[in-house]
Amino acid sequence: MQESMEPKKYEFLADNPNVKVLPIMLSLIIGAFFAILNETLLNIALITLMDEFSISLPTVQWMATGFMLVMAVVIPISALLLQWFTTRQLFLGTMVVFTIGTIISASAPTFSILLVGRLIQAVGTGLLMPIIFNVFLLIYPPERRGKVMGLIGLVIMFAPAIGPTLSGVIVEYLGWRYLFIIVIPFALFSIAFAYKFLVNVSEVTKPKIDVISLVFSTIGFGGIVYGFSAAGESANGFLSGNVLVAIIAGAVGIVLFVIRQLKLDEPIMDLRVFRYPMFTHAVFMFVIIIMAMFASEIILPIYMQGPLALTAATAGLVLLPGSLLNGIMSPFMGHLFDKFGPRVLMIPATIVLSGTMFMMSRLTVDTPIWVVVLGYILIMLTVSAIMMPAETNGLNQLPKRLYPHGTAVMSTLQPVAGAIGVSVFISILNARQLKFLEQSATPQDQGTVSLAMVAGVELVYFIAFAMTIVAVILAFTVYRARPEELGETVVEQSE
């Protein structure tokens, strides 16, 4: 009897000497790294794919748009899946789906099949991050989560950040198919490793499935992501009919989804997480930083391959130092968060990020490459000091029963904020570029075209600068969050 009660003494698995935590972490991190790497792996390869399959820019952009669209649809239901399936079942299932999509993409004879493979990849990728966040919250106590979440930061920040660098080199020297071929053996290894070592850490409660909520969620988040993505691809921007319909339908769907979740006893995504002030604070900070980061990851390659006339490989290598430092510093920033709390990191980091965005708004056709390298380094360093500490601090304030819902909310925001950010910034860049050319006496001149693009890039970064000013203000209002039901949990276990 005593032996069966023993596990109840340990509130978190990391405190239980009988549980091997390291293999669990490795199982999750290996798979997630290569899955999330695919989010930005194709950014620089889009031009190559246009030539390969003789397709237009709006068509090829579905490689990015479709990916985010599928993620926006599947992530909101992750909280439900986390309560219906064991950790082991869910992780192995998502990795198998991701691997199937990767194999289809690598061998695709046509663009349509390539896109299908890409969308299947997105299903697996979309579910991985909620799984990882939820598992790590269950394994580690709040005072040790910063360093561990820094490791997750290495995955979700470093992997997509290094994507353009790897993509440029691989596409130029091996070909676009190797963007997928190289990932396959690592995905298979992750599946085999997880099959041997991964254990179940979550409780399967199998809550009631509300089909109406699933419909509202799909229409809401899918409509918003599609609408904003299509706006960046359409010549008429946000005035296009299909764009307006998608965004309005998405907004209505989200409103109906929110109303229904607040009425249900067992919501698919429990929005009561927003009752916790530091979680809400983290959400606002997260959205701002995601949009600022996407501005750089999308706009900088356009700027470097346009006005600066760099090759894809060179443009990728310019981003490499910032990407590497972001990955290296994420665990270190997590350790500082555990020791000093969020304010010590966020206040100086947001100030430096804001200054960097202003510096990038002064780019010209003659800007030296070292300025771009330095700017991207500062952006990625400050992002590592803001994003994961903010997210960890917000999740720390939630009671354990809300972990799946908190991670689902945070994970849903990434593709939604990314789609909105990319769409808005690309639309702004295009609008500013067209206006510049309309006012020019020589709109066909290549030098004029370069100046027009630079004008668009400058405006994008100035708007990003204004957004980061809001982040500075938020940083001064943050405080270290404590889990509110920790004492209640101990009492319940002792009883």
Side-chain angles (χ1 to χ4, degrees), residues 39 57-81 101 112 115-116 118-127 129-130 209-264 267-271 273-274 283-284 286-288 290-291 294-295 298 405 407-428 430-431:
E39 286 190 45
L57 180 60
T59 301
V60 80
Q61 281 181 336
W62 270 100
M63 293 293 287
T65 303
F67 195 90
M68 288 190 293
L69 179 61
V70 172
M71 287 182 66
V73 171
V74 301
I75 291 176
I77 66 172
S78 62
L80 179 67
L81 295 176
S112 298
L115 182 59
V116 169
R118 179 72 168 160
L119 299 183
I120 294 174
Q121 275 189 323
V123 174
T125 304
L127 293 175
M129 288 320 299
I209 299 176
D210 183 59
V211 178
I212 297 177
S213 293
L214 293 178
V215 173
F216 287 158
S217 171
T218 301
I219 294 173
F221 295 109
I224 289 293
V225 170
Y226 171 77
F228 277 94
S229 298
E233 301 166 6
S234 171
N236 296 324
F238 290 98
L239 298 179
S240 176
N242 65 319
V243 170
L244 287 174
V245 170
I247 292 177
I248 293 172
V252 172
I254 288 177
V255 170
L256 294 175
F257 176 76
V258 169
I259 292 173
R260 188 160 183 84
Q261 299 318 290
L262 294 175
K263 290 181 178 179
L264 292 175
I268 287 179
M269 183 186 288
D270 196 336
L271 300 177
V273 291
F274 287 100
V283 165
F284 282 110
F286 186 83
V287 169
I288 292 172
I290 279 285
M291 292 182 71
F294 266 81
I298 297 296
H405 302 279
T407 57
V409 169
M410 286 291 191
S411 300
T412 301
L413 286 174
Q414 185 169 353
V416 172
I420 294 174
V422 170
S423 170
V424 170
F425 289 137
I426 290 292
S427 297
I428 291 171
N430 287 337

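Within the structure, the salt bridge (Lys or Arg N to Asp or Glu O under 4.0 Å) test picks out the following pairs touching residues 243-262 (sequence neighbours left out): Asp210-Arg260.
Residues meeting the side-chain contact (heavy atoms from CB on, under 4.5 Å) test with Val255, sequence neighbours left out: Ile259. When the ring-ring contact (aromatic ring centres under 6.0 Å, His included) test is applied to Phe284, no partner is found at least two apart in sequence or on another chain.
For the residue pair Leu119 and Phe67, the shortest heavy atom distance occurs at CD2-N, 3.9 Å. Closest approach of Met291 to Phe425, counting heavy atoms only: O-CE1, 3.2 Å. Scanning both residues, Gly126 and Val74, for their nearest heavy atoms gives CA-CG2, 4.1 Å. In terms of heavy atoms, Phe286 sits closest to Met410 at CE2-O, 3.6 Å.
Side-chain contact between Asp270 and Gln261 is absent, with no heavy atoms from C-beta onward closer than 4.5 Å.
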Residues 214-224 side chain polar contacts: donor-acceptor under 3.5 Å, at least two apart:
residue : atom : partner : partner atom : Å
Thr218  : OG1  : Leu214  : O            : 2.9

